[in-house]
Novice: 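The structure is given below, and queries will be raised subsequently.
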Amino acid sequence: MDGLGRIVLPKQIREFLDLYSQDGVEIYLDRQEIIIEKYMPRKCVLCDQNAYLIAYKEKILCQVCIEDIAGYVKN
């Protein structure tokens with residue numbers, strides 16, 4: 001950690017997490033541990049709803065949009 005409190009993540013960890021210089025991360029505490037995770041938006045990529053969310057192939061979709069797409073594909 002440097003004098004400003006910045007931490008450099010080793011290249012191997014960045015590659016494993018598929019992190020790039022402009023990606024956001026979430027940092028939080030769990031008891032005595034610091035948890036760092038790649039930021040994933042908590043809203044549907046199609047309608048911005050933040051309820052009934054499902055992660056699929058690193059994308060977040062809501063149940064309503066999934067059902068709309070399924071109905072569209074059937075027709």
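Predicted model, so just to flag it, every value in this text is computed and none were measured.
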Novice: With side chains defined as the heavy atoms from C-beta onward, is the minimum distance between I13 and I36 less than 4.5 Å?
Specialist: no
Novice: CG of L29 to CD1 of I34: how many Å apart, nearest 0.5 Å?
Specialist: 6.0 Å
Novice: Side chains of L61 and L53: does their closest heavy-atom pair fall under 4.5 Å?
Specialist: no
Novice: Can you name the residues that form a salt bridge (charged side-chain N to carboxylate O under 4.0 Å, His left out) with K59, not counting sequence neighbours?
Specialist: none
Novice: Going hydrophobic residue to hydrophobic residue with side-chain gaps under 4.5 angstrom, can you get from F16 over to V25?
Specialist: yes
Novice: Say whether, by atom type as modelled, one donor and one acceptor occur between the side chain of K38 and the main chain of D23 under 3.5 angstrom.
Specialist: no
Novice: Please answer: with hydrophobic residues joined when any side-chain heavy atoms are less than 4.5 Å apart, are L9 and Y20 in the same cluster?
Specialist: no
Novice: Is V73 linked to V45 within one hydrophobic cluster, defined over Ile, Leu, Val, Met, Phe, Trp and Tyr using a side-chain heavy-atom separation of less than 4.5 Å?
Specialist: yes
Novice: Taking it one step at a time, do I54 and Q63 satisfy side chain to side chain contact (heavy atoms under 4.5 Å, CB included)?
Specialist: CA-CA 7 Å; I54 297 170; Q63 187 66 37; 3.1 Å; yes
Novice: Indicate the atoms forming the closest heavy-atom contact of G24 with L19, along with that distance.
Specialist: O-CD2, 4.4 Å
Novice: Quick one: does K43's side chain get under 4.5 Å of D48's, heavy atoms only?
Specialist: yes
Novice: Each residue besides Y56 in its hydrophobic cluster should be listed here, by chain and number; the cluster joins Ile, Leu, Val, Met, Phe, Trp and Tyr at side-chain heavy-atom distances under 4.5 Å.
Specialist: none
Novice: Nearest 0.5 Å, please: how far is CG in L46 from CD1 in I66?
Specialist: 9.0 Å
Novice: Looking only at heavy atoms, what is the nearest atom pair of C62 and C44, with distance?
Specialist: N-SG, 3.4 Å
